[in-house]
Amino acid sequence: MATMTMIEAIRDAHRVAMERDDTVVVFGQDVGYFGGVFRCTAGLQKEFGDHRCFDAPISEAGIVGAAIGMGAYGLRPVVEIQFADYVYPAYDQIVSEAARLRYRSAGDFTAPITIRMPTGGGIFGGQTHSQSPEALFTHVAGLKTVIPSNPYDAKGLLLSAIEDPDPVIFLEPKRLYNGPFDGHHDRPIVPWSKHPLSNVPDGHYTIPFGQARIHRPGSELTVLTYGTMVYVALAAAQETGIDAEVIDLRSLVPLDLETISTSVAKTGRCVVAHEATLTSGFGAELCAILQQELLYSLEAPIIRVAGWDTPYPHAHEWVYFPGPERLGAAMRATMEAG
Amino acid sequence: MATMTMIEAIRDAHRVAMERDDTVVVFGQDVGYFGGVFRCTAGLQKEFGDHRCFDAPISEAGIVGAAIGMGAYGLRPVVEIQFADYVYPAYDQIVSEAARLRYRSAGDFTAPITIRMPTGGGIFGGQTHSQSPEALFTHVAGLKTVIPSNPYDAKGLLLSAIEDPDPVIFLEPKRLYNGPFDGHHDRPIVPWSKHPLSNVPDGHYTIPFGQARIHRPGSELTVLTYGTMVYVALAAAQETGIDAEVIDLRSLVPLDLETISTSVAKTGRCVVAHEATLTSGFGAELCAILQQELLYSLEAPIIRVAGWDTPYPHAHEWVYFPGPERLGAAMRATMEAG
Amino acid sequence: MTVEPETTLAPPFAPLQLRIPEPAARPGEAPRFADVALSPAGAVRRPEVDCPENDLLDLAYSLVRVLDDDHQAVGPWAGRLTSDQLVVGINDMLRQRAFDAKMLRAQRQGKTSFYMQALGEEAVACAHARALRPGDMNFPTYRQQGLLIASDYPMVELMNQIFSNSHDPMKGRQLPVMYSSKAHGFFTISGNLGTQFIQAVGWAMASALSGDTKIASGWIGDGATAESDFHAAMVFASTYQAPVILNIVNNQWAISTFQGFARGSSATFAARGHGFGIPAIRVDGNDYLAVSAVSSWAAERARRNLGPTLIEWVTYRAGAHSSSDDPSAYRPKDEVAGWPLGDPVDRLSQHLIATGVWTDDDHTAAVANAAAVVDTAYAAAEANGVLGDGHSTSPSTMFDDVYATTPALLKHQRQQAGY
Amino acid sequence: MTVEPETTLAPPFAPLQLRIPEPAARPGEAPRFADVALSPAGAVRRPEVDCPENDLLDLAYSLVRVLDDDHQAVGPWAGRLTSDQLVVGINDMLRQRAFDAKMLRAQRQGKTSFYMQALGEEAVACAHARALRPGDMNFPTYRQQGLLIASDYPMVELMNQIFSNSHDPMKGRQLPVMYSSKAHGFFTISGNLGTQFIQAVGWAMASALSGDTKIASGWIGDGATAESDFHAAMVFASTYQAPVILNIVNNQWAISTFQGFARGSSATFAARGHGFGIPAIRVDGNDYLAVSAVSSWAAERARRNLGPTLIEWVTYRAGAHSSSDDPSAYRPKDEVAGWPLGDPVDRLSQHLIATGVWTDDDHTAAVANAAAVVDTAYAAAEANGVLGDGHSTSPSTMFDDVYATTPALLKHQRQQAGY
Ligand SMILES: Cc1ncc(C[n+]2csc(CCOP(=O)(O)OP(=O)(O)O)c2C)c(N)n1
Ligand SMILES: Cc1ncc(C[n+]2csc(CCOP(=O)(O)OP(=O)(O)O)c2C)c(N)n1
Ligand SMILES: [Mg+2]
Ligand SMILES: [Mg+2]
């Protein structure tokens, strides 16, 4: 057991996977010699050699396309897209190829690949270093979409992703790399070392997909969220005094419907929160499912708290980011409704 | 006024736009000399010359990227993607560029471009000629997403798209090109000439975005849908005997919230139908909005009838396609619920 | 301070004009292939496989041909196949041709939804397949059925797939002709153009990373070289020196669009290799012996870890693009008659006759035999059902293979669907 | 029947191995640029602008240079700028350098979130800008601030953008350095690499379609040439013969990745043009006179409807990739000292001195003047606010310009946000 940041936990997951399985290869832009612009693969090339971890040309389509070919050969490639905002050139390879290989070949070929990418805002990265494109993957049959919120989960989920026989989109909330962030951007930065979920077991362990984590049990209202917004929700719960159950979905596809339904059935009130733009975000899917499953248990409409339907701005980051005040207001409104 | 198929109406819209405005240029794969694999641009090159309508290399990224450059110059390009299933190589140019040009340059540059593409299934096209990717566009701020269901609307909406100062995704339900189709694939094909909406005015007219069309007024239940599913819904209404209000959204972004809300407030029951896969489809957004706006007016949960969460299959097209039986069953269940 | 730009050109300037390429001939005009650069048979040298790329540049502009006008095999690329191998080759091509004809007819008769033949291009895939080794992997397009036929993939399986019947190895999920057979070195065909080209490079990289000895062969059409994934493949193959053969099948047309739209102002498609330091070679794709010899050369380069080779196979799409297409709308009806490289089956047959390997009668018998093989397979496949007759796989299989393990929500959908 | 493949190679085969490129030197090693092919100043010929592409192939492998070791301008590309123009040039570069230094410092002081300098590459954009005409359009990357500086775009506006302040022309929406000015022929910079390259071609196509006389100039980094949109640009430029200059700025590095990863096994980036029949030319990017001469040559080609030109500007990224980067982790600390093409400002200054146009004192005065210009602009910009001090545009503007007309749902969101 060691105390790790999310970056260290991700690095450790790579290391464990590469040690256990010779077919795991890691590549992407600047991930080899340098170890990644966020340092998530630092040291791997040195430890495992440049045939196991190497740099790639700046071609997201090429990186994912090559990974698909490698997967078809029998390797387990783990690739990094430098920012989720840059995944679109690879979107065709992901949607038309990786996601459908098993299906269209009736299992003859598969795509056991992991596509990692830093996601979300909070670092003054402007419109091309801040996006949260998860809903563009959850709509695509054949993909799994995973997003950890802490070092412990990051390592366990990443190991599951690498071992998964199907393509996994692995979104890493970059604002959480070095510490939990609750949206109070004007307060001192909190390092992971102060947080219990920075205790990461040595060696191999996995966290199965489709199991949400209840970060805070509560009785009055359910907050469904993931990634950075988990800490925003915890802050909002504390600040509003609402006894909220804060659920971290961890994987969006597959979805832990049971944990979600049980909670909302219990509380009768729900707020959904994500950084991605509101319209057609993953929150819409959650609302659609919940109203269908639990209409008669709902005491108030489900409110979505999300990024506004604009590109992610630079100067007005904190007007854009759905921080604890905005989320808290929605929670209060939900408590007062009905 | 003339009787037109949807193909003829689309061709006519091009012609009217090109006559009125010299800056309208039309290009895409096989659209020039040949006039498009669905013949939607047939005759344009002959009539307007090869500088106004021409073929393009097989590069969707190139087609949209070049169109963006042309739009920045001051032209109004109208491009065809041969099938919506092939739009993904252009997805980066659409999402990262066209959608954000105006915003990121504070209006210095804009992207007044129309991106047409045949969408939807029903032609035994298998997984790469049948997709309905609308939700991948509705999630992106800066895009408008439009989908006509008949010749009259197709012409008026396409003229609006071409004249729009912003990028418009124009989805053409290919199964409707030659006639309305209600999902009864085993019955004789009905041509457009039998349908009143095949009466298309001569010359110029536009249909504003954000105005839904009520194809069938009704009091018991609202069906929200668009594209081919409009006729499936009409058939289901007739076959179930449910007095359903069938609303054709026509444009998803912008959305005619008022017509939708008024109807659902009136009926208290709603079914949402689309061909696209269920999870994170545009139906989710409709459910999310409606439960938030009208929770207390809903007498039953909103059911989504959609493509299954699999790639679009070949042999089992009619098990996959959400036909009148599946939709009718959902409508009945909705009537019985609550 | 404003300074006039340094130029010999002064305003006013003449208005610019855009070049819109046009093919040499359109319907109603006489076929014209004067722009297709040819070389005499035997004229193009055969460099050693380890010849440096910059000593090979001419090979991208010439045309490797073995069979001359007298049906003799000549020059440095000749003499590499035995008579037995040539007979195997013509039988492969005849089987493919008979198969295509039969399946096109089946489509016309409503037994399936769609078909794509490769009439006139048989030599490319058939000869290439026999130049690879078991375990090598092709990443084909929809026009390389010859790879499977020449790898002795059971023809009935091809037909089962086309009919989407109860025995369809693809379980009715795929459009006809979208085969897959890992065991036969044939990667699952994508409906999306170009994607497989970079995947082939990735597969080859994996083989090299693993210290294996297998090579990959990627395929793309002339039109699809315009797609972005062509570039990705070139960059990755060039950078990592992957053991891959990159095949461009230039059959002159991409649906209604002639090859000039994708080629642009470069003289040949093979020349694309020059920008990447990838050895490139342009070959008569209707000459079975040339295809075989160059395929072997490129395979040897890859297998010796000498890196990728780009090959342009010059051929002609003699039929329609697909069963949905009618080429008389965009090219001269008799264009194939003007095609300077002839027909690959005829040419090989004439060679066999000219060299005394077989006779006219042998040819007639081989044609009949190919038809019989196809008919036998057809009867067996038809007995498994054709599209729409109810003999498909169970619709419940529609929900399988989306993931290795079907998730709960999808199982629920399957139940909703009644399965 | 199984037939052995036709090959001289027989099993067992040696295991394959993948090539992973490595730069010539890493931290702790001595800088090494022996692989950078150089030509003596004046040695490369200057063909007529209408010279056919296949007579230009050598220009992709040589290096156009004008300034020799004695600081004289020599050869056929020399003698095209007046002394006044050269003085304008060095002042442009000095302004850019002073500006970069100042803004990097401002970022360090927390006045903004991010900065990217172009230290050592000033000649490329500055000389190019002055070779274009008003109305022409650049499609730049984040490292072509020189285009705006040499087009006399107000420096205070650049700073307003960097500070995201109340006067930011981009209204605080964009990351620092993501400028846009249509009026100055500068297309809005994208954070996504490569996208602008094909857009430049589209813009040029539009100009030609419209019978206009304006040309476009597209920009891309060595690393970003691996992106797919590079290919789209090459295909479209080649096919339609668009009036566009396609500039590759090869500054040796793409963040931590040396140019060999994008270049692969081709000798140069300029050679990419050969696969497309696009005239390609490789140029000393640190030689203001060479950049100017070749830019004018390419502009004239475009303006005369002779089609696209691909230019590789060979230069060196002397600074870090951005304010977030520390290159000492991946390249020798003193690598710039070993760079064989020197510093563009020094070289032009030495030329001016050697030719008697100015003196050491003039140089010192020009440096001081540039600093003063920057300081004046800085004071003005700072008065408009810096990032985080509350002097941004109103947050309500965050909801503008998503569309020409803000739709109802978005207005509603603006109200929710309190504006
Ligand atoms: C990404 C993508 N864009 C467009 C299409 C539609 N399409 C199918 S085949 C074809 C022409 C391909 O021509 P070529 O590459 O020359 O191959 P050929 O058909 O001649 O063998 C086109 C445009 C597609 N399948 N995928
Ligand atoms: C599509 C995309 N992928 C990755 C990145 C991240 N990124 C930003 S700059 C850069 C390096 C670019 O190198 P080069 O093209 O050589 O330009 P230079 O920085 O040297 O001027 C990378 C990988 C990006 N901005 N966009
Ligand atoms: Mg072709
Ligand atoms: Mg660079």
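Since we're looking at a predicted model, the values are computed, not measured. A, B, ... follow the sequence lines: proteins, then strands. Residue 1 opens every chain.
Interface remark: M137(D) contributes side-chain atoms only to the contact with chain B (heavy atom separation under 4.5 Å). L410(D) does not touch chain B: none of its heavy atoms, backbone or side chain, sits under 4.5 Å away. Interface residue A404(D): backbone and side-chain heavy atoms are both found under 4.5 Å from chain B. Contact annotation for V402(D): both backbone and side-chain heavy atoms come within less than 4.5 Å of a heavy atom of chain B. Proximity to chain B (any heavy atom under 4.5 Å) is shown, for F230(D), by neither the backbone nor the side chain. The contact between L409(D) and chain B is made entirely by side chain atoms (from C-beta outward), counting heavy-atom distances below 4.5 Å.
Across L75(B), V253(B), L255(B), L257(B), the residue that shares the most heavy-atom pairs under 4.5 angstrom with chain D is L75(B). Per-residue heavy-atom pair counts under 4.5 Å with chain D were compared for F109(B), F209(B), F54(B), and the maximum is reached by F109(B). In terms of non-hydrogen atom pairs under 4.5 Å with chain D, the most contact-rich of A67(B), P57(B), G210(B), A61(B) is P57(B).
The heavy-atom pair separating G62(B) from F236(D) by the smallest distance is C-CZ, 3.4 Å.
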When you scan chain B against chain D, which donor-acceptor pairs turn up at less than 3.5 Å?
| unit_1 | atom_1 | unit_2 | atom_2 | d |
| --- | --- | --- | --- | --- |
| D55(B) | O | Y240(D) | OH | 2.5 |
| Y73(B) | OH | D212(D) | OD2 | 2.4 |
| Q93(B) | OE1 | Q199(D) | NE2 | 2.9 |
| Q93(B) | NE2 | T195(D) | O | 3.1 |
| Q93(B) | NE2 | D229(D) | OD2 | 3.0 |
| S96(B) | OG | N192(D) | ND2 | 3.2 |
| E97(B) | OE1 | Q199(D) | NE2 | 3.0 |
| E97(B) | OE2 | S190(D) | OG | 2.5 |
| E97(B) | OE2 | T195(D) | OG1 | 3.0 |
| Y103(B) | N | D401(D) | O | 3.2 |
| Y103(B) | O | R173(D) | NH1 | 2.9 |
| Y103(B) | OH | M398(D) | O | 2.7 |
| R104(B) | NE | T188(D) | OG1 | 2.7 |
| R104(B) | NE | I189(D) | O | 3.3 |
| R104(B) | NH2 | T188(D) | O | 2.8 |
| D108(B) | OD2 | S180(D) | OG | 2.8 |
| D108(B) | OD2 | S181(D) | N | 3.3 |
| D108(B) | OD2 | K182(D) | N | 2.8 |
| G142(B) | N | Y403(D) | OH | 3.2 |
| L143(B) | N | Y403(D) | OH | 3.4 |
| L143(B) | O | Y403(D) | OH | 2.6 |
| D166(B) | OD2 | A404(D) | N | 2.7 |

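Taking A98(B) as the reference, I68(B), A111(B), I113(B), P167(B) meet the side-chain contact (heavy atoms from CB on, under 4.5 Å) condition, with sequence neighbours excluded.
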